[in-house]
Amino acid sequence: MPELPEVEVVRRGLAPAVTGSLVRAVTVLDERSLRRHAGPSEDFIDRLTGARLRAPERRGKFLWVPIEHAAPREAIVVHLGMSGQVLLRTPDAPRDRLTRIVLELDHPEHGAVRVDFVDQRIFGSMALDDLVRTLDRPAQRIPSQVAHIARDPLDPDFSERRFFAALARKRTTIKRALLDQTLVSGIGNIYADEALWAARIHYDQPTESLSRPRARALLAEVRSVLAKALAEGGTSFDAQYVNVNGASGYFSHSLNAYGRQGEPCPRCGRLIVREVFMNRGSHFCPRCQRVRAGRVSAN
DNA sequence: CCGGACTCCTGGTTGC
DNA sequence: TGCAACCAGGAGTCCG
């Protein structure tokens, strides 16, 4: 699935069901989905069973559910990878064929609920991880697996100053930078292409050649596209991305560049092109988005 | 520090 | 219709 808007849709959907719930039972159907859990699956099951869950949190594409009263403090960390889904089901609902992990919860008000982690490609994972303090906000604890991930652009504490400084420090090109989760998190291939299209920037434009106003404009487009996609429930091309109730998002109808190769650019009419970059498709308008000469920063 | 190659996987779609 | 090749929203590691 899953870039920031899709993961946030999942977080919001999960919140009312898991917050305050007690974990009654844990079933691991495929241990490969625990790849990022430090111990064996029995360890995951034993430590989680009987735990009381708190409200789910998110940074970038990582989602986690803190456990109450755990010492050291810990959380269930969920990453959806390319094809992960988190589904809320009634206890006796049939299981999806690709279900890898099942959590049976008991909510103090809503009663029994089942959380199914479904993942076709198994690039996603669940894990129990310690919550640690990080430098970027000492008052907050986040899973150790997420500590290297930058804040995302919809985070109220996202620092533009920091982002621009990190961008200036990098000797790379812009799409690579947008996809670098240690610079800014939550952006994946779809929204990188969409934001670059909106800002009229070529994916291979060197970051050091971007003026501050253009970098600022790009960040504004990133925020805008993420927010719009979130408002429309995320981007679904098929059943691979759905919310916790199994419903698709609508943002695929609003895409201007991603997956639109051969179709006219909505702005200028020139046909959108797809090129392979970083082993994946980059979609852009060859007229609106050209690599241009720009200032080379002094530092 | 940076980029490219390669890894983890399954299954739907495309093309012969 | 069969089957192989290709493609996919991510991200970590290793190597030059």
Side-chain angles (χ1 to χ4, degrees), chain A residues 1-10 29-38 58-63 77-86 96-101 117-127 129 143-150 152 166-196 203-204 206-208 222 225-226 229-230 232-243 248-252 254-255 257-262 274-283 299:
Chain A
M1 335 199 181
E3 301 180 34
L4 184 152
E6 292 77 29
V7 179
E8 177 60 13
V9 166
V10 169
L29 299 163
D30 196 322
E31 297 200 342
R32 294 174 299 178
S33 289
L34 289 176
R35 197 190 323 265
R36 304 195 64 165
H37 179 74
R58 181 189 56 75
R59 177 180 285 202
K61 304 171 194 173
F62 284 83
L63 176 70
V77 182
V78 183
H79 196 289
L80 302 173
M82 295 277 251
S83 54
Q85 304 177 348
V86 178
D96 185 289
R97 187 167 51 93
L98 302 172
T99 304
R100 312 297 185 188
I101 296 171
F117 181 71
V118 178
D119 190 6
Q120 180 202 113
R121 294 176 73 183
I122 324 184
F123 288 171
S125 61
M126 282 186 142
D129 190 22
S144 68
Q145 293 179 10
V146 186
H148 66 296
I149 299 294
D152 62 66
L167 211 54
R169 231 178 291 125
K170 282 282 179 184
R171 290 294 171 264
T172 187
T173 53
I174 191 60
K175 182 169 177 185
R176 205 179 283 281
L178 290 180
L179 295 176
D180 183 343
Q181 306 295 305
T182 68
L183 289 184
V184 54
S185 69
I187 306 165
N189 204 36
I190 298 177
Y191 300 115
D193 281 4
E194 289 301 304
L196 288 168
Y203 65 84
D204 218 13
T207 50
E208 61 189 353
V222 165
V225 71
L226 293 177
L230 177 55
E232 294 185 38
T235 300
S236 304
F237 297 122
D238 49 37
Q240 280 309 316
Y241 167 65
V242 292
N243 67 14
S248 294
Y250 292 97
F251 195 70
S252 61
S254 306
L255 296 173
Y258 186 88
R260 300 254 185 252
Q261 62 271 25
R274 176 182 190 272
E275 285 179 7
V276 174
F277 175 69
M278 293 175 76
N279 277 322
R280 55 222 310 216
S282 270
H283 312 74
N299 53 351

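A, B, ... follow the sequence lines: proteins, then strands. Residue 1 opens every chain.
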Undergrad: Using only side-chain N and O atoms of His79(A), determine if any of them is under 4.0 Å from OP1 or OP2 of dA11(C).
TA: yes
Undergrad: For Arg121(A) and dC6(C), what is the distance between atoms CZ and C1' respectively, to the nearest whole Å?
TA: 12 Å
Undergrad: Rounded to whole angstroms, how far apart are OH on Tyr191(A) and P on dG9(C)?
TA: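 Taking atom P of dG9(C) as the reference, OH of Tyr191(A) is at 12 Å.
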Undergrad: Measure CE/Met278(A) against P/dC6(B) and give the value in whole Å, please.
TA: 16 Å
Undergrad: Send over the distance from Arg260(A) CZ to dG9(C) P, rounded to a whole Å.
TA: 15 Å
Undergrad: Applying the side-chain hydrogen bond (donor to acceptor under 3.5 Å, both in side chains) criterion to Lys175(A), which one of Asp204(A), Asp193(A), Asp180(A) satisfies it?
TA: Asp193(A)
Undergrad: When the distance from CD1 of Ile190(A) to P of dC7(C) is rounded to whole Å, what number comes out?
TA: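 Interatomic distance, CD1 of Ile190(A) to P of dC7(C): 17 Å.
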Undergrad: Once you round it to whole Å, what is the distance between P of dG4(B) and CG of Asp204(A)?
TA: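 It is 9 Å, rounded to the nearest whole Å.
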Undergrad: Of all the nucleotides listed (dC2(B), dG11(B), dG9(C)), which has the minimum atom distance to the side chain of Leu98(A)?
TA: dG11(B)
Undergrad: More than 12 heavy atoms of other residues, nucleotides or ligands under 6.0 Å from CD of Glu31(A): yes or no?
TA: no
Undergrad: Taking the same atom, P, in dC6(B) and in dC6(C), what whole-Å distance lies between them?
TA: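 Roughly 15 Å separates the two P atoms.
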Undergrad: If you measure from the P atom in dA5(B) to the same atom in dC7(C), how many Å do you get, rounded?
TA: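 It comes out at 15 Å once rounded to the nearest Å.
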Undergrad: Which base, if any, makes a Watson-Crick or G-U wobble pair with dG9(C), both distances under 3.5 Å?
TA: none
Undergrad: What's the closest nucleotide to the Arg176(A) side chain, out of dC8(B), dG4(B), dC2(B)?
TA: dG4(B)
Undergrad: Verify the contact: side-chain N or O of Tyr258(A) to OP1 or OP2 of dG9(C), cut-off strictly under 4.0 Å; return yes or no.
TA: yes
Undergrad: With rounding to whole Å, what would you report as the distance between dG9(C) and dT13(B) at their P atoms?
TA: 16 Å
Undergrad: In a check of side-chain contact (heavy atoms from CB on, under 4.5 Å) between Arg176(A) and each of Ile174(A), Thr173(A), Leu178(A), Leu179(A), which one passes?
TA: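 Running side-chain contact (heavy atoms from CB on, under 4.5 Å) over Ile174(A), Thr173(A), Leu178(A), Leu179(A) with Arg176(A) returns exactly one hit, Thr173(A).
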Undergrad: When the C1' atoms of dT10(B) and dT13(C) are considered, how many whole Å apart are they?
TA: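 Between the two C1' atoms, the distance is 22 Å.
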Undergrad: Please report, rounded to the nearest Å, how far the C1' atom of dA5(B) is from the CZ atom of Arg280(A).
TA: 15 Å
Undergrad: Would you say dA11(C) has OP1 or OP2 under 4.0 Å from some side-chain N or O of Lys61(A)?
TA: yes
Undergrad: Between dG10(C), dC2(B), dG12(C), which nucleotide gets closest to the side-chain atoms of Glu3(A)?
TA: dG10(C)
Undergrad: dC9(B), dA11(C), dG11(B): which one has an atom nearest the side-chain heavy atoms of Gln181(A)?
TA: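 Nearest to the side-chain atoms of Gln181(A), counting from C-beta on, is dA11(C).
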Undergrad: If you measure from the ring centre of Phe123(A) to the centre of the six-membered ring in the base of dC8(B), is it under 5.5 Å, with the planes under 30° apart?
TA: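 Per 5.5 Å and 30° rule: yes, stacked.
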Undergrad: Do any side-chain nitrogens or oxygens of His148(A) fall under 4.0 Å of OP1 or OP2 in dA11(C)?
TA: no
Undergrad: Is there a side-chain polar atom (N or O) of Arg32(A) under 4.0 Å from OP1 or OP2 of dT10(B)?
TA: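 Indeed, a polar side-chain atom of Arg32(A) lies that close.
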Undergrad: Does Thr172(A) make a side-chain N or O approach to OP1 or OP2 of dG3(B) shorter than 4.0 Å?
TA: yes
Undergrad: Would you say that Thr235(A) contacts Glu6(A) through its side chain, given a criterion of any heavy-atom pair below 4.5 Å between the two side chains?
TA: yes
Undergrad: Is any side-chain N of the basic residue among Asp119(A) and Arg32(A) closer than 4.0 Å to the acidic one's carboxylate O?
TA: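 Salt bridge absent between Asp119(A) and Arg32(A).
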Undergrad: Which class fits the ring pair Tyr258(A) and His283(A): parallel under 30°, tilted 30 to 60°, perpendicular over 60°?
TA: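 Judged by the thresholds at 30° and 60°, the geometry between Tyr258(A) and His283(A) is tilted.
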Undergrad: Please give, in whole Å, the distance from dG3(B) P to Leu179(A) CG?
TA: 12 Å
Undergrad: If you check the Ile122(A) side chain, which of dC9(B), dG12(C), dG9(C) turns out closest?
TA: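 Per side-chain heavy atoms of Ile122(A), the pick is dC9(B).
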Undergrad: Out of dC9(B), dG9(C), dC2(B), which has the shortest distance to the side chain of Arg35(A)?
TA: dC9(B)
